[in-house]
Enquirer: 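Supplied in structure tokens, the structure appears directly below.
Order of the sequence lines sets the chain letters (A, B, ...), proteins ahead of strands, with each chain counted from 1.
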Protein chains: 2
Amino acid sequence: MQDRCYPLTNRKKDEKLRDVTRRMIMDRTARLLVKKGYGATSLRDIAQACDMKAGSLYYHFDGKDALVEAIMAKGVTQVETAVRAALEDLAAGDPLDRIRTAMKVHLHTLHDRSDYGSAHIRCFAHVPPEIRRRLRDMRASYEESWTTLLQDARTAGAIAAEVDLHTLKFAVIGMMNWTLEWRLPSDATPDDIADQFFRIAFEGARHG
Amino acid sequence: MQDRCYPLTNRKKDEKLRDVTRRMIMDRTARLLVKKGYGATSLRDIAQACDMKAGSLYYHFDGKDALVEAIMAKGVTQVETAVRAALEDLAAGDPLDRIRTAMKVHLHTLHDRSDYGSAHIRCFAHVPPEIRRRLRDMRASYEESWTTLLQDARTAGAIAAEVDLHTLKFAVIGMMNWTLEWRLPSDATPDDIADQFFRIAFEGARHG
DNA sequence: TTTTATATCTAACGATCGTTATAAAACTAA
DNA sequence: TTAGTTTTATAACGATCGTTAGATATAAAA
């Protein structure tokens with residue numbers, strides 16, 4: 001048997017060894033997906049990164065597509081869960097504060113939590129159609145949180161009438177997700193970037 | 001010999017038949033790259049879309065990577081050329097007007113001109129490293145146009161002091177490029193979206 | 001028409017792909 | 001230890017990949 005230091009070190013209590021290995025495979029596959037993309041990431045690449053052989057992966061997953069879908073689905077739920085949890089703590093807060101918080105959590109989860117979110121964004125367009133369809137539904141569910149956020153802000157009179165909420169939603173999500181294409185300045189935290197993005201999108205780059 | 005209606009219909013004067021075929025191959029390959037990604041687009045897929053056989057493509061291109069790089073490079077130059085040309089016509093104009101125009105041209109070229117820009121954006125992260133490095137240099141050259149645009153606006157006092165220009169640049173480019181992930185509402189033109197994006201990023205969603 | 005240049009096809013090469021059936025190893029519990 | 005369960009390795013399958021060399025067909029020039 002091979003190296004098992006990974007499963008044993010960061011193991012949560014009551015977590016079966018089987019699940020730990022599953023997560024290890026997903027972690028390392030996600031990194032490969034971010035780096036090389038869906039089509040160019042082979043099961044043999046994945047197996048090597050996991051100190052295993054390709055055939056052994058089938059004990060944990062039904063195949064490449066099932067593995068990839070599990071990772072990409074987790075990418076959405078991670079972000080969605082984190083954002084919803086943060087918003088519950090601000091249930092009665094100022095609508096714009098809630099938006100700023102959501103931006104911080106979204107960016108933080110994307111950059112510092114794992115590679116699942118990045119893998120999702122990077123590979124979404126090129127994954128098999130059936131998988132893409134299911135993932136699209138998950139995305140839509142998450143984006144509804146943003147629709148609600150922005151509608152609340154409008155109701156509170158915090159968003160100008162001429163601004164289309166649908167466009168604003170995609171602008172905000174777009175600028176955040178595009179940060180994956182950056183070489184992030186080493187001194188800039190996701191929090192700093194979120195503050196700047198909020199400043200730009202809601203106060204406007206123009207006003208002093 | 002197969003169908004030649006494509007080359008003969010939209011043929012520019014003084015353009016060699018050889019170049020017309022090259023462009024036809026690039027056009028159809030770009031569409032495949034957008035749809036399936038770099039790794040999953042095979043030379044046999046490409047050949048079929050061109051009514052050819054895979055081996056025949058080597059008469060026009062040195063191989064898959066050379067073909068893909070030509071397409072992705074053209075994706076940058078198309079946008080860069082269009083934006084620079086539009087800005088020359090506004091050489092002495094208001095800095096914010098110049099920015100709004102650049103946004104319109106960028107979005108229009110991306111959505112209505114061809115699939116080259118989309119192919120670039122979709123495949124950039126997953127293309128072989130040497131190609132990616134060269135493309136990154138071309139990107140950097142184009143992004144300098146935006147740095148200049150924003151600096152001019154700041155010099156004119158049109159951008160608040162607390163807004164970091166580097167972050168603003170990526171926010172604007174990010175929200176524009178992310179529109180490729182949209183299902184564009186059939187009634188919204190790139191011009192409309194650019195106006196909304198400008199409104200959001202520079203006036204702020206908040207102000208009436 | 002004959003000759004030359006241009007463009008495509010054919011057929012195969014070795015490599016690698018996702019996947020599978022089966023054997024072997026490692027762990028657990030008695 | 002032994003017996004049973006869980007996990008991984010082995011080795012191969014057919015399919016497809018990018019690529020190449022050489023034959024074939026089309027177009028242009030003589």
Side-chain angles (χ1 to χ4, degrees), chain A residues 1-8 11 14-26 28-29 32-33 36-72 123 126-131, chain B residues 1-8 11 14-26 28-29 32-33 35-71 123 126-131:
Chain A
M1 175 158 298
Q2 313 271 4
D3 167 36
R4 277 215 168 149
C5 69
Y6 176 92
L8 298 182
R11 176 175 187 174
D14 286 349
E15 195 175 25
K16 305 288 181 228
L17 190 64
R18 184 195 185 103
D19 299 326
V20 180
T21 306
R22 253 184 84 97
R23 210 182 45 188
M24 179 269 286
I25 294 173
M26 291 173 69
R28 302 188 176 177
T29 304
L32 286 177
L33 287 175
K36 319 197 350 173
Y38 169 78
T41 300
S42 73
L43 279 181
R44 288 170 177 85
D45 288 337
I46 296 171
Q48 186 176 6
C50 298
D51 298 310
M52 296 175 69
K53 300 295 178 180
S56 309
L57 294 168
Y58 281 79
Y59 179 77
H60 297 280
F61 294 92
D62 287 339
K64 181 185 178 181
D65 286 354
L67 170 56
V68 170
E69 182 169 357
I71 290 168
M72 295 178 66
C123 300
H126 306 317
V127 107
E130 324 92 60
I131 298 180
Chain B
M1 176 158 297
Q2 315 269 5
D3 167 37
R4 274 215 168 147
C5 68
Y6 178 92
L8 299 181
R11 178 176 187 174
D14 287 349
E15 196 175 25
K16 306 291 181 220
L17 190 62
R18 183 193 187 105
D19 298 325
V20 179
T21 307
R22 253 184 84 97
R23 209 183 44 186
M24 178 268 287
I25 294 172
M26 290 173 70
R28 301 187 177 178
T29 304
L32 286 177
L33 287 175
K35 194 174 183 180
K36 318 196 351 171
Y38 169 77
T41 300
S42 73
L43 280 181
R44 288 170 176 85
D45 289 337
I46 296 171
Q48 186 176 6
C50 298
D51 298 311
M52 297 174 68
K53 299 295 178 180
S56 311
L57 294 168
Y58 281 80
Y59 179 77
H60 298 279
F61 295 92
D62 287 339
K64 180 184 179 182
D65 286 354
L67 169 56
V68 170
E69 181 169 358
I71 290 168
C123 300
H126 306 317
V127 108
E130 325 93 58
I131 299 181

Enquirer: Answer yes or no: does a side-chain N or O of B:Arg18 lie under 4.0 Å from OP1 or OP2 of C:dT6?
Expert: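 Indeed not, no polar side-chain atom of B:Arg18 lies that close.
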Enquirer: Given 3.5 Å as the limit, does a donor-acceptor pair link the side chain of B:Arg28 with the main chain of B:Ala49, or not?
Expert: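 Indeed, once roles are kept as given, a pair shorter than 3.5 Å links the two residues.
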Enquirer: Give, for atom CG of A:Leu32 and atom CG of A:Asp45, the distance between the pair rounded to the nearest 0.5 Å.
Expert: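 If I round to the nearest 0.5 Å, the distance is 6.5 Å.
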Enquirer: Is any side-chain nitrogen or oxygen of B:Ser56 closer than 4.0 Å to OP1 or OP2 of C:dC9?
Expert: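 Answer yes for this pair, as a side-chain N or O of B:Ser56 is under 4.0 Å from OP1 or OP2.
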Enquirer: Grab the OH-P distance between A:Tyr59 and C:dT20 for me, whole Å please.
Expert: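 Atom-to-atom, A:Tyr59 to C:dT20, this comes out as 17 Å.
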Enquirer: Kindly point out which of D:dT8, D:dG18, C:dT20 is positioned nearest to the side chain of B:Tyr58?
Expert: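 So the nucleotide nearest the side chain must be D:dG18.
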Enquirer: Consider the side chain of A:Leu43, meaning its heavy atoms from C-beta on, and name the nucleotide among C:dG18, C:dT10, D:dG18 that approaches it most closely.
Expert: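 Selected nucleotide (nearest to the side chain): C:dG18.
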Enquirer: Tell me the interatomic distance from A:Met24, atom CE, to D:dT8, atom C1', rounded to whole angstroms.
Expert: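 Rounding to the nearest Å, CE of A:Met24 and C1' of D:dT8 are 11 Å apart.
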Enquirer: If you check every side-chain atom of A:His60, which of C:dT10, D:dT7, D:dG18 has the closest atom?
Expert: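 Output: D:dT7.
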Enquirer: Return the value, rounded to whole Å, for the distance between atom NZ of A:Lys64 and atom P of C:dT19.
Expert: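 Atom NZ in A:Lys64 sits about 8 Å away from atom P in C:dT19.
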Enquirer: If each of A:Ala54 and B:Ala54 is mapped to the nucleotide of DNA chain C with the nearest heavy atom, which maps nearer the 5' terminus, i.e. the 5' end?
Expert: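 Checking each residue's closest nucleotide, the 5'-ward one belongs to B:Ala54.
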Enquirer: How many whole angstroms separate atom OH of B:Tyr38 from atom P of D:dC17?
Expert: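 In whole Å, D:dC17 P and B:Tyr38 OH are 13 Å from each other.
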Enquirer: Using whole Å, report how far CD1 of A:Ile46 lies from P of D:dT8.
Expert: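 Distance check: A:Ile46 CD1 to D:dT8 P gives 15 Å.
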Enquirer: Look at the side chain of B:Ser56 and the backbone N and O of B:Met52, then say whether any donor-acceptor pair between them is shorter than 3.5 Å.
Expert: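 Not a single qualifying donor-acceptor pair exists.
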Enquirer: With sugar-phosphate meaning primed atoms plus P, OP1 and OP2, does B:Gly55 contact a base, only sugar-phosphate, or nothing at under 4.0 Å between heavy atoms?
Expert: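 Base, at least one base atom sits under 4.0 Å.
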Enquirer: Compute both the distance and the angle, then confirm whether B:Lys64 meets the cation-pi test with B:Tyr58: under 6.0 Å from the six-membered ring centre, within 45 degrees of the axis.
Expert: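 Because its charged atom misses either the 6.0 Å distance or the 45° angle limit, B:Lys64 does not stack over B:Tyr58.
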Enquirer: Hey, does the side chain of A:Arg22 reach the backbone of A:His60 with a donor-acceptor pair shorter than 3.5 angstrom?
Expert: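 Yes, the answer is positive, given that a donor and an acceptor are paired below the 3.5 Å cut-off.
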Enquirer: Taking CG from B:Asp51 and P from C:dA7, how many angstroms apart are they, rounded to a whole number?
Expert: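 From B:Asp51 CG to C:dA7 P: 17 Å.
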Enquirer: Grab the CD-P distance between A:Gln48 and D:dA9 for me, whole Å please.
Expert: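 About 12 Å, once rounded to whole Å.
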Enquirer: What integer distance in Å separates A:Met52:CE from C:dA25:P?
Expert: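 After rounding, the reported distance stands at 17 Å.
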